[in-house]
Peer 1: 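Have a look at this one.
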Protein chains: 4
Amino acid sequence: MAHRQSDPAPDPTRRSERSRRAIYDAALALVGEVGYPKTTIEGIAARAGVGKQTIYRWWSSKADVVMEAFLDLSEQAAEAARAAGQESYALPDTGDLAADLKLVLRATVDELHDPAFEAPSRALAAEGVVNEELGRRFVAKLLEPSLQLYVDRLRSAQAAGDVRADIDPRIALELFVSPLAQRWLQYTGPISYEYTDTLVDYALNGLAPR
Amino acid sequence: MAHRQSDPAPDPTRRSERSRRAIYDAALALVGEVGYPKTTIEGIAARAGVGKQTIYRWWSSKADVVMEAFLDLSEQAAEAARAAGQESYALPDTGDLAADLKLVLRATVDELHDPAFEAPSRALAAEGVVNEELGRRFVAKLLEPSLQLYVDRLRSAQAAGDVRADIDPRIALELFVSPLAQRWLQYTGPISYEYTDTLVDYALNGLAPR
Amino acid sequence: MAHRQSDPAPDPTRRSERSRRAIYDAALALVGEVGYPKTTIEGIAARAGVGKQTIYRWWSSKADVVMEAFLDLSEQAAEAARAAGQESYALPDTGDLAADLKLVLRATVDELHDPAFEAPSRALAAEGVVNEELGRRFVAKLLEPSLQLYVDRLRSAQAAGDVRADIDPRIALELFVSPLAQRWLQYTGPISYEYTDTLVDYALNGLAPR
Amino acid sequence: MAHRQSDPAPDPTRRSERSRRAIYDAALALVGEVGYPKTTIEGIAARAGVGKQTIYRWWSSKADVVMEAFLDLSEQAAEAARAAGQESYALPDTGDLAADLKLVLRATVDELHDPAFEAPSRALAAEGVVNEELGRRFVAKLLEPSLQLYVDRLRSAQAAGDVRADIDPRIALELFVSPLAQRWLQYTGPISYEYTDTLVDYALNGLAPR
DNA sequence: TTGTAATCGAGACGGTACGTCCAGTCTTCGA
DNA sequence: TCGAAGACTGGACGTACCGTCTCGATTACAA
């Protein structure tokens with residue numbers, strides 16, 4: 001980072017779009033093929049047919065490059081989904097909260113098993129654990145928007161009387177989202193539809209007898 | 001690891017205890033001072049006053065060294081706790097499940113804020129995210145034993161009728177443990193007594209109106 | 001040089017005199033301040049407030065730029081000398097050959113000690129040793145004209161009977177000029193008035209007893 | 001150079017002779033093949049099958065490496081000559097000074113035309129022009145020993161009455177050696193047997209009529 | 001009690017990647 | 001239309017570590 005400050009700051013309007021795209025592609029391809037630790041700036045540059053300086057000019061670290069590459073990928077995916085008529089900016093709301101949550105969590109389970117997403121997102125999550133700044137960026141850009149959808153759905157459920165009014169939705173969603181996240185991140189247990197269904201049931205009804 | 005196979009297998013009985021201790025100390029000190037990524041085998045060896053080969057002879061990677069060092073530290077801490085009369089092999093069981101869980105989680109909150117534990121455990125957690133073998137070892141050695149205590153306490157609560165009998169305690173515990181873990185690992189939110197108390201309440205009583 | 005061919009040949013009439021001057025000044029200043037090897041095209045351009053392309057358009061290499069800059073400096077110096085009434089296009093001819101040569105060589109000794117000339121001329125001489133094309137240009141433009149003055153003076157001496165008629169003046173001058181040059185270039189010995197006086201004496205009278 | 005001082009100084013007794021030889025060979029081969037400026041440390045290391053650090057550990061610069069490689073080559077050549085019965089530690093002394101000098105200078109002319117010696121010695125001479133420290137080393141190790149032979153021969157000539165007693169041999173030798181050196185270094189003129197013969201004649205007999 | 005075989009500290013080795021600097025080319029924009 | 005500005009590909013720089021490989025010098029066990 002320090003080395004960037006000293007430079008006279010490059011002019012973003014003259015930036016080569018071609019290079020940026022090539023760098024994103026190379027970065028994601030390498031992370032997928034050889035894993036994040038063996039992915040090197042030098043390797044990305046070579047694969048992208050780009051000078052190393054072009055990477056160092058616009059990004060401050062390998063984590064930064066991979067992060068933006070992944071962000072870009074997500075945006076493209078979102079764009080594609082939007083174009084395909086899907087609305088990814090809201091959870092389904094059939095009136096049956098449990099069913100809706102289970103559905104969405106099952107989709108998340110599938111996504112977590114998709115190898116195209118797994119390598120870079122694990123890498124970024126790991127980096128974020130140890131690098132607070134990047135971690136917060138990762139959360140703000142990638143995680144929080146998804147979590148917000150749960151907040152919205154839970155509020156709707158509160159309006160319908162399906163969730164107690166005094167519940168904080170931002171915390172409530174963690175009851176079923178965080179366990180899944182932890183199992184995936186830390187290999188603390190297997191991930192399955194049955195598991196996520198169970199989480200929803202437990203979370204909605206509580207552990208204590210009613 | 002591969003490089004170990006080629007060696008004629010070192011004789012553990014002739015191992016220098018002095019060196020091992022020095023290596024553990026150096027490893028933890030460096031992780032604390034300069035962070036895990038800037039901690040190098042070479043640096044550990046120099047700091048420990050030890051030849052590099054002595055490290056490579058007994059460990060297969062930096063992650064391995066730091067892992068064992070941290071394990072050793074934890075064991076010492078546990079030992080010290082035991083010596084001080086505390087029993088860390090069981091959760092309190094006052095009959096009030098909610099209160100017992102809140103108490104233990106508050107202690108965990110404190111631990112997570114302890115800088116001596118934070119650097120190495122974050123580093124290992126991060127490494128484990130990306131390195132499945134190490135991740136599983138980390139969980140098995142450090143996480144699972146603690147989680148087992150929750151399982152025991154929940155079973156006791158089931159026997160007392162405070163938790164429904166059809167609940168799987170291994171999953172149930174994740175409702176309040178995983179959210180805390182995720183907030184700590186991924187900076188998805190602040191960590192406080194109030195937060196963990198809320199988690200316990202939500203988990204025990206559920207989100208749906210009763 | 002090759003890269004010049006590809007360009008559509010720049011139009012010298014539209015060349016910016018301002019830029020050329022600035023480039024000469026910057027080049028000589030940098031060679032003086034940081035030495036020839038650390039002088040870079042980029043540095044010259046920045047110091048001259050000029051685009052790199054402006055340099056590459058008119059010169060083929062760093063050596064080329066410095067060469068022309070130095071040539072320009074020499075011409076200016078010659079001009080100034082001429083303006084001051086000195087005639088630098090001929091050696092003194094008092095009738096006493098030995099005295100005349102000693103005088104001129106002493107002036108050369110002084111010049112070789114002048115730091116303003118030393119850095120760039122050493123740099124160019126060095127470059128010329130290894131780069132024949134540039135070396136020959138250096139000699140033709142800078143050295144040969146001076147040597148010609150010795151040739152003229154020696155011819156005049158031959159006419160006066162002070163030098164044998166069968167002597168080749170172009171070779172003869174090397175007897176006292178080359179030793180001085182070598183001592184300066186290669187640090188093979190100290191340079192002083194006494195030394196050059198001795199050279200003249202030895203050269204004129206020979207080593208063998210008469 | 002600075003970076004060497006900071007290191008704790010490597011242990012010369014543990015140095016790899018194999019690597020040193022390979023580095024010398026690679027350096028000389030590259031200088032011969034692509035020229036000194038295009039010879040890089042990286043290239044030498046690759047060609048020698050050696051890590052770059054092994055070069056930086058023992059030498060402070062490219063010039064240093066090439067210098068020692070050339071020195072080593074010269075020593076080997078001298079050794080070989082010695083083994084072949086030649087005595088390179090003295091000039092011939094037939095009693096005819098002029099003939100002896102002409103003979104030796106003709107041999108020098110041949111040597112200067114030998115491409116195996118030309119590339120590295122030009123490179124080192126050039127470097128020495130601009131780098132005083134290296135220049136002096138070059139002279140002391142390579143030039144001065146040869147010049148000393150001339151001094152010896154001239155003294156012998158003085159004893160025989162063939163050279164005036166008041167002549168300083170160290171300066172006298174420059175009358176025929178330096179012109180040759182300058183023509184070779186700076187391309188100030190062609191080099192031939194006839195030329196060196198002429199130099200000897202002029203120097204011994206002087207330019208003035210007798 | 002004395003070899004003798006292993007481990008030990010030390011650090012040189014062949015390598016890979018780092019982050020920087022500059023070469024030489026190409027593109028944009030203002031005068 | 002040229003020149004300043006500077007982004008671009010490319011490649012060498014000198015450094016830091018990697019993991020392997022000798023080296024003596026302890027050191028502890030078996031003879």
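Residue numbering restarts at 1 for every chain, and letters A, B, ... go by the order of the sequence lines.
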Peer 1: With respect to the phosphate group of F/dG19, does any side-chain polar atom (N or O) of B/W59 fall under 4.0 Å of OP1 or OP2?
Peer 2: no

Peer 1: Could you walk me through whether A/R47 and A/D25 pass the salt bridge (Lys or Arg N to Asp or Glu O under 4.0 Å) test, one step at a time?
Peer 2: CA-CA 9 Å; A/R47 171 103 153 204; A/D25 294 349; over 6 Å; no

Peer 1: Just how far, in rounded Å, is C1' of F/dG3 from CZ of C/R57?
Peer 2: 7 Å

Peer 1: Is the NZ or CZ atom of D/K141 positioned over D/F70's six-membered ring, under 6.0 angstrom from the centre and within 45° of the axis?
Peer 2: no

Peer 1: Can you tell me if B/R15 touches the phosphate of E/dT7, counting only side-chain N or O atoms and a distance under 4.0 Å to OP1 or OP2?
Peer 2: no

Peer 1: Could you state the CD1-P distance from D/I41 to E/dC21, rounded to the nearest angstrom?
Peer 2: 19 Å

Peer 1: More 5' along DNA chain F: A/D11 or B/K62, using each one's nearest nucleotide?
Peer 2: A/D11

Peer 1: For residues 20-35 of chain C, which residues have at least one heavy atom under 4.0 Å from DNA chain E?
Peer 2: none

Peer 1: Just the rounded figure in Å: distance from P of F/dG19 to NZ of A/K38.
Peer 2: 10 Å

Peer 1: Return whichever of B/E42 or B/R14 has its heavy-atom-nearest nucleotide of DNA chain F closer to the 5' end.
Peer 2: B/E42

Peer 1: Atom CZ of C/R47 and atom P of F/dA5: how far apart are they, to the nearest Å?
Peer 2: 16 Å

Peer 1: Rounded to the nearest Å, what distance is computed from the CD atom of residue A/Q53 to the C1' atom of nucleotide E/dG24?
Peer 2: 15 Å

Peer 1: So is D/R15 actually on top of D/W58's ring, under 6.0 Å and inside 45° of the axis?
Peer 2: yes

Peer 1: So do the side chains of B/I23 and B/W59 get within less than 4.5 Å of each other, counting heavy atoms only?
Peer 2: yes

Peer 1: What contact category does A/G49 fall into here, base, sugar-phosphate, or nothing, at under 4.0 angstrom with non-hydrogen atoms?
Peer 2: sugar-phosphate

Peer 1: Give the rounded distance in Å between these two atoms: CH2 of C/W58 and C1' of E/dG24.
Peer 2: 18 Å

Peer 1: Heavy-atom nearest nucleotide on DNA chain E for B/G51 versus C/T40: which residue maps closer to 5'?
Peer 2: B/G51

Peer 1: Regarding B/S16, tell me which of base, sugar-phosphate or nothing describes its non-hydrogen contacts under 4.0 Å with the strands shown.
Peer 2: sugar-phosphate

Peer 1: Out of E/dT20, E/dG14, F/dT15, which has the shortest distance to the side chain of A/Y56?
Peer 2: E/dT20

Peer 1: Roughly how many Å is it from NZ in C/K52 to C1' in E/dC21, rounded to a whole number?
Peer 2: 10 Å

Peer 1: Taking 4.0 Å as the cut-off, does a side-chain nitrogen or oxygen of C/S19 come that near to OP1 or OP2 on F/dA4?
Peer 2: yes

Peer 1: Report the residue (B/A46 or D/T54) whose heavy-atom-nearest nucleotide on DNA chain E is the more 5′ of the two.
Peer 2: B/A46

Peer 1: Send over the distance from B/E17 CD to F/dA28 P, rounded to a whole Å.
Peer 2: 13 Å

